[in-house]
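The structure appears below as structure tokens.
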Amino acid sequence: MFEEVLQAWDGEEVVVRFDDASATWMFVCVHSTVLGPAAGGTRMKVYASPSDALRDGLRLSTAMTSKMAMAGVPLGGGKAVLAVPEIPVGDARRTMMLRYGELVESLHGTYWTACDMNTASSDMDVIAERTSKVFGRTEAAGGSGTSAPATAVGVFHGLRAAVARAFGSDDLTGRTVAVQGVGAVGGPLARALADAGARPILADVDDVRAKELADELGCDHVPADEIVDVRCDVFSPCATGAVLSEATIPRLRCRVVAGAANNQLAEPEDAERLAQRGILYAPDYVVNAGGVIHLVGFELLGEDRERVDERLRGIAETLTEVFEKADADGLSAAAAADAIVEQRLTGRSH
Ligand code: NAD
Ligand code: PPY
């Protein structure tokens with residue numbers, strides 16, 4: 001039910017539209033505009049129910065507020081969900097994106113959009129025909145293109161910082177890293193890890209994709225449902241959310257979790273469950289901010305490549321500050337990161 005889902009959320013507003021022509025529920029979730037206009041990608045997905053779509057959008061928008069605050073960019077957190085009956089193609093997709101662009105434009109800058117699951121830079125080009133409040137258009141259309149490679153670079157730096165914290169050195173030589181999902185972020189991450197001398201172990205529900213990359217990198221791959229159980233130094237979730245749960249945490253055989261997926265913890269208590277198992281968790285919204293740094297750096301802040309790269313490397317320092325605060329205050333890393341976000345949003349420390 002929409003009522004229960006919304007009552008449990010602490011965000012600012014949700015704009016809802018049912019797009020009759022495509023039978024699509026459109027939810028624009030504005031979690032916070034405290035630090036600037038709410039921004040976050042548009043996820044297109046087939047959900048079991050509109051309430052499930054709304055729940056996903058709300059959680060993702062909340063995480064965007066934290067991501068923006070932690071990355072130190074002048075934006076708030078938002079996310080949009082297009083709950084489609086099936087993923088549209090061709091003209092149906094284009095006309096739906098145009099109508100969605102009109103919805104974004106009607107918000108007069110409260111919400112800025114970008115790519116997320118199942119939406120691409122080409123969709124942003126279409127949306128941009130109706131609104132200027134869009135990041136991540138193709139370079140041909142004047143945007144900065146896909147942010148996934150930058151996200152992978154940021155995860156790589158964060159992962160190295162987490163390894164340094166857990167093992168006393170950030171040298172990745174010989175370190176085993178189980179990468180769950182080798183798509184637009186997990187793929188380049190696996191390559192970077194292999195280049196740095198680490199030993200990636202890959203898995204993807206698209207087993208062919210995992211096998212081909214493993215063959216190319218000369219590393220191992222396992223079936224997707226076994227990656228959580230793999231003995232490794234680092235488990236790197238780069239597929240979907242909620243992979244760290246009461247059910248999966250006891251199965252993990254790693255020292256560190258550091259990956260790209262949004263909302264990795266199924267529930268807040270999972271941060272404590274990880275800590276109790278002696279697993280160092282690098283909070284997702286700290287580690288996966290590379291896409292934000294790329295899009296906002298190039299398209300809003302007018303930064304050059306050098307500055308964006310410097311900021312991507314800075315993810316390692318930000319994460320180290322989180323770990324230091326966690327140790328100093330006796331908190332899990334997730335709770336320490338949340339406390340830093342809270343301070344940036346309210347100007348107060350707790
Ligand atoms: P993607 O769709 O390109 O890749 C995801 C991959 O995971 C696919 O290859 C898919 O087959 C695989 N997969 C799905 N479910 C799986 C499972 N249960 N086990 C193993 N593999 C599975 O997506 P992406 O852009 O690489 O993003 C990966 C994650 O990172 C997502 O959670 C996304 O929200 C998050 N993220 C991405 C960006 C970005 O810039 N692309 C930024 C921040 C966060
Ligand atoms: C994400 O990082 O999850 C995003 O949604 C990407 C993004 C980055 C900057 C503005 C809007 C969306």
Side-chain angles (χ1 to χ4, degrees), residues 151-183 185-207 209-266 270-284 286-288 315-316 319-320 323 332-334:
T151 303
V153 171
V155 173
F156 178 78
H157 291 309
L159 189 151
R160 238 180 350 95
V163 163
R165 193 76 187 169
F167 298 104
S169 161
D170 72 355
D171 184 358
L172 293 176
T173 310
R175 291 270 168 230
T176 46
V177 183
V179 182
Q180 181 185 45
V182 288
V185 178
L189 173 67
R191 280 177 215 281
L193 290 166
D195 286 348
R199 290 201 292 121
I201 303 158
L202 311 181
D204 199 295
V205 283
D206 182 345
D207 197 47
R209 185 178 283 180
K211 184 187 175 334
E212 282 179 358
L213 186 59
D215 288 349
E216 182 195 324
L217 300 179
C219 67
D220 291 337
H221 71 102
V222 299
D225 58 359
E226 290 175 20
I227 193 76
V228 167
D229 307 290
V230 162
R231 183 182 296 281
C232 57
D233 295 314
V234 183
F235 173 59
S236 186
C238 296
T240 57
V243 290
L244 304 170
S245 67
E246 196 172 6
T248 60
I249 290 169
R251 290 165 50 192
L252 291 171
R253 290 194 288 168
C254 59
R255 269 287 284 123
V256 171
V257 174
N262 282 312
N263 292 345
Q264 291 169 28
L265 303 176
D270 294 317
E272 204 45 52
R273 291 189 179 107
L274 286 164
Q276 276 167 10
R277 286 218 48 215
I279 296 171
L280 183 66
Y281 171 61
D284 44 16
V286 181
V287 170
N288 71 15
I315 287 177
L319 190 61
T320 303
F323 291 145
S332 69

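Index from 1, following the sequence.
With contacts defined as side-chain heavy-atom distances shorter than 4.5 Å, the pair Leu159/Leu172 qualifies. Side-chain contact between Arg199 and Asp233 is absent, with no heavy atoms from C-beta onward closer than 4.5 Å. Residues Leu265 and Leu274 meet the side-chain proximity criterion, which asks for heavy atoms closer than 4.5 Å. Looking at heavy atoms from C-beta onward, His221 lies in side-chain contact with Asp207 at the 4.5 angstrom threshold. Side-chain atoms of Val257 and Ile279, non-hydrogen and from C-beta on, do get closer than 4.5 Å to each other. Between Leu319 and Val287, the closest side-chain pair of non-hydrogen atoms falls below 4.5 Å.
Across all non-hydrogen atoms, the minimal contact from Phe323 to Tyr281 is CE2-O, 3.7 Å. Nearest heavy atoms, Ala203 versus Pro223: CB-O, 4.2 Å. Between Gly259 and Asn288, the shortest heavy-atom contact is O-CB, 4.4 Å. Here the closest non-hydrogen pair linking Ala178 and Val230 is CB-CG1, 4.4 Å. The two residues Ala260 and Cys238 make their nearest non-hydrogen contact at N-SG, 3.7 Å. Shown here for Ser245 and Ala266, the closest heavy-atom pair between the two residues is CB-CB, 3.8 Å.
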Pair Val228-Leu252, side-chain contact (heavy atoms from CB on, under 4.5 Å): steps then yes or no: CA-CA 6 Å; Val228 167; Leu252 291 171; 3.9 Å; yes
Salt bridge (Lys or Arg N to Asp or Glu O under 4.0 Å) evaluation trace for Asp215 with Lys211: CA-CA 6 Å; Asp215 288 349; Lys211 184 187 175 334; 2.7 Å; yes
Intermediate values then yes/no, side-chain contact (heavy atoms from CB on, under 4.5 Å), Leu202 and Arg209: CA-CA 10 Å; Leu202 311 181; Arg209 185 178 283 180; over 6 Å; no
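With sequence neighbours excluded, no residue satisfies salt bridge (charged side-chain N to carboxylate O under 4.0 Å, His left out) with Asp225. Every residue was checked against the side-chain hydrogen bond (donor to acceptor under 3.5 Å, both in side chains) condition with Glu226, not counting sequence neighbours, and none meets it. Shown here are the side chain to side chain contact (heavy atoms under 4.5 Å, CB included) partners of Arg273, two or more places apart in sequence or in another chain: Glu246, Ile249, Glu267, Glu269, Asp270. Ser332 is linked by a side-chain hydrogen bond (donor to acceptor under 3.5 Å, both in side chains) to nothing, counting only residues two or more places apart in sequence or in another chain. Here Arg255 pairs with nothing under the salt bridge (charged side-chain N to carboxylate O under 4.0 Å, His left out) rule; sequence neighbours left out. Annotation: side-chain hydrogen bond (donor to acceptor under 3.5 Å, both in side chains) contacts of Arg253 (sequence neighbours excluded): none.
Expressed to the nearest 0.5 Å, how far CZ of Phe156 lies from CG of Leu189 amounts to 8.0 Å. Considering CG of Asp204 and CG of Asp206, their distance stands at 5.5 Å, rounded to 0.5 Å. The CD1 atom of Ile227 sits 13.0 Å away from atom OG1 of Thr248, with the distance rounded to the nearest 0.5 Å. The structure places CD1 of Ile201 at 12.5 Å from CG of Leu217, a figure rounded to the nearest 0.5 Å. We find the OG-CG distance between Ser236 and Leu193 to be 7.0 Å, quoted to the nearest 0.5 Å.
Formation of a donor-acceptor pair under 3.5 Å by the Asp284 side chain with backbone atoms of Gln264 is found in this model. A distance-only check finds no donor-acceptor pair linking the side chain of Asp170 to the backbone of Ala161 [under 3.5 Å].
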